[in-house]
Amino acid sequence: MAFHLPPNDLESSQPFLRIQPEPETHKPFKGVVVLSVCSLLILSLVGIIFNGQPARLPAPFSSENPTTTSSETVTPAIISRGKKEGVSEKVFSSDGVSYPWTNTMLRWQRSGYHFQPQKNWMNGPLYYNGYYHLFYQYNPDSAVWGNITWGHAISTDMIHWKYLPLSMVPDQWYDINGVWSGSATIMPDGNIMMLYTGDTDKFVQVQNLAYPANLSDPLLLDWVKYSGNPVLTPPPGIGPKDFRDPTTAWLGPNGVWMFVIGTQKDKTGISLVYTTKDFKTYELESNLHGVPGTGMWECVDFYPVSTTGQNGLDTSAYGPGMKHVLKASLDDNKQDHYALGTYDMKTQTWTPDNPDMDVGIGLRLDYGKYYASKTFFDQNKQRRILWGWWPVKELESLRRDITEYDNVVLKPGSISDLNITSASQMDVSAEFVVDPEAIKTAVGDDVINNCSAAAVRQALGPFGLLVLADGSLSEFTPVYFYIAKASDGTVDHSIVEAFGQGGRTCITSRIYPTKASNGDARLYLFNNATDSSVTASVKIWKLGSAEITSYKF
């Protein structure tokens, strides 16, 4: 579902996030939720899983591809990342309750237009010579963490993909325990420098350099590991297992390149700035920024954004009319946080615009199961793309068979069947208008402390959609809104993404329906408020599937 909410108190404290004021008529536009409410209302977009008894889920980022076609019952494994590598587990167990999954169910849960490998376990793209290249952490041997190798796929639109042979494997002492996260930097002369973290034979996290063996090959099939690896080891005072995930480098004065590596010290999340002229020798320049109590910073990202235009900026852009985003994935709580601020290239420091909304204690990229995201600058279309579970604009090319509903009145306590069959792969744009008279008279509720379930009826909500529902409504996933008075996406088989405020507030969830699959999946509108009617207008597109196949040489 794609949603857009009007400004709230958060945007008052973050001017860069403000949306331009809407006309008083609240003219609807694509991908919006219009709520006729005053500026004193706090709105919360909540997407949860409601599926009766919770099931034991497969590990996130896994890709089940059973080798048999029988209906035998299988139990997906949940195996922790080994602590010996220095990283915590990256799985989200429900609570130990199991469900008798079958191979048919598991096969159906493969996404229709989110990239995933042919099988097993996966966990930043690069645009070069007409292709988007996706390098991803991959275990070619099993659907659990381990033997971390770089898979490789290419695309011309980031929707349809072709698998290529493995890009880099753990075959040297400095990466024998895993070829971990890395970032590519395209040099002015066209060369590509790939810095990546390797886990050594002694379980020490080091940084290594690799580059294409043949730049004339648009597929970038072969990569060479630099003979002088590792090029960086943990500096004094930094633990051997707390030094990983280099960012894309940006070019400063005098031809000096800079990049950031995530770490921690005494539970303070830190982003270290290194400088280099040749990507072979490096100097530790500064601590770009740190936030006490946030723990290990993984997958740090640092890039400029324009305050005056809509286009993305090259990573090396610097000067007036821009801010810099600092993002970190917090290993302690598995959340991706970011903040806007000012970068001083002379001191190599970054200062948040609002210290109360600093990295790790303020804004999140996504409020669902979402972690270890990465951005890249798409020089082909002058945009910056966050690579996670968000769809790109090109997804619209998969839209088929639009169905529209205008001004559907949802009275308190009502549910409306939208008569969409096979509703397991859709793009939904919804607009909700709340009865202004009900808002005036309703007392409202404290949504900040009560957003646990769509079934909890309150004066002004919840209302929204029931997705991946079966016909008897014994199984469904609500994507819904609460409204509280105060002064102070898309569906893809087993993935639900909800976007509010034009993508400023997002929730991503993996869900595993047992009844609402394929032709049995349905879509409903609902309003569980006690006092307020809601008028809904909805556009629904069924989506075709992306073509994800092996490249034919």
Side-chain angles (χ1 to χ4, degrees), residues 1-3 46-55 57-58 60 63-66 71 76 94 99-114 116 159 368-369 389 391 395-396 398-405 408 410 414-430 453-455 462-480 489-499 507-528 536 538-546 548:
M1 269 56 66
F3 295 122
V46 181
I48 66 165
I49 299 170
F50 179 84
N51 193 17
Q53 189 75 1
L57 307 182
S63 171
E64 294 80 11
N65 187 25
S71 59
S94 57
Y99 185 86
W101 299 101
T102 67
N103 281 324
T104 300
M105 291 178 181
L106 294 175
R107 187 177 296 106
W108 176 82
Q109 290 163 8
R110 283 184 63 86
S111 60
Y113 50 85
H114 290 71
Q116 61 185 141
I159 297 296
K369 300 297 187 185
W389 290 341
L395 183 69
E396 294 177 2
L398 298 177
R399 287 175 170 176
R400 307 284 189 272
D401 303 328
I402 185 172
T403 301
E404 298 187 55
Y405 293 89
V408 178
L410 298 170
S414 65
I415 296 177
S416 177
D417 187 347
L418 293 178
N419 295 314
I420 303 295
T421 58
S422 301
S424 61
Q425 193 166 312
M426 301 180 302
D427 190 359
V428 181
S429 174
F463 57 87
L465 297 104
L466 303 178
V467 304
L468 290 172
D470 69 334
S472 66
L473 286 176
S474 64
E475 179 181 80
F476 54 83
T477 296
V479 180
Y480 59 92
T490 52
V491 178
D492 187 10
H493 294 262
S494 60
I495 301 174
V496 173
E497 296 169 289
F499 303 90
I507 298 174
T508 300
S509 292
R510 290 299 302 268
I511 65 171
Y512 301 92
T514 59
K515 300 176 183 178
S517 60
N518 295 319
D520 295 328
R522 302 185 67 85
L523 178 68
Y524 296 82
L525 288 167
F526 81 97
N527 178 18
N528 215 18
V538 187
K539 293 181 180 180
I540 307 160
W541 293 268
K542 290 190 176 181
L543 293 181
S545 293
I548 305 177

**Request:** Taking all heavy atoms of S545 and all of Q425, pick out the closest pair and write down the distance.
**Result:** OG-NE2, 3.2 Å

**Asked** For the atom pair OG (S416) and CG (N527), what is the distance rounded to the nearest 0.5 Å?
**Response** 11.0 Å

**Item:** Pairing of D427 and R399 as salt bridge, 4.0 angstrom limit
**Value:** yes

**Asked** What distance separates L473 CG from F526 CZ, expressed to the nearest 0.5 Å?
**Response** 11.0 Å

**Shortest non-hydrogen contact from S429 toward W541** = CB-CZ3, 4.0 Å

**Prompt:** Taking all non-hydrogen atoms of both residues, which atom of A536 and which atom of L410 are closest, and how far apart?
**Reply:** CB-CD1, 4.3 Å

**Asked** Any idea which heavy atoms bring V479 and A498 closest together, and the distance?
**Response** CG1-CB, 3.7 Å

**Request:** Give the minimum heavy-atom separation between Y524 and G471, together with the two atoms involved.
**Result:** OH-O, 3.4 Å

**Prompt:** Which value, rounded to the nearest 0.5 Å, describes the distance between L543 atom CG and L395 atom CG?
**Reply:** 5.5 Å

**Item:** Separation between CZ of F463 and OH of Y480, rounded to the nearest 0.5 Å
**Value:** 12.0 Å

**Message:** Here's a test for you: under side chain to side chain contact (heavy atoms under 4.5 Å, CB included), which of L466, T421, I420 qualifies with R522?
**Reply:** T421

**Prompt:** For L418, does its backbone N or O pair with a side-chain atom of Y405 as donor and acceptor, under 3.5 Å?
**Reply:** yes

**Item:** Straight-line distance of L523 CG to L465 CG, nearest 0.5 Å
**Value:** 5.5 Å

**Item:** Gap separating the CG atom of N528 from the CD1 atom of I415, nearest 0.5 angstrom
**Value:** 7.5 Å

**Prompt:** Under the side-chain contact (heavy atoms from CB on, under 4.5 Å) criterion, do D470 and D520 qualify, and how do the steps go?
**Reply:** CA-CA 6 Å; D470 69 334; D520 295 328; 5.6 Å; no

**Item:** Closest heavy-atom pair and its distance - S424, L468
**Value:** CA-CD2, 3.8 Å

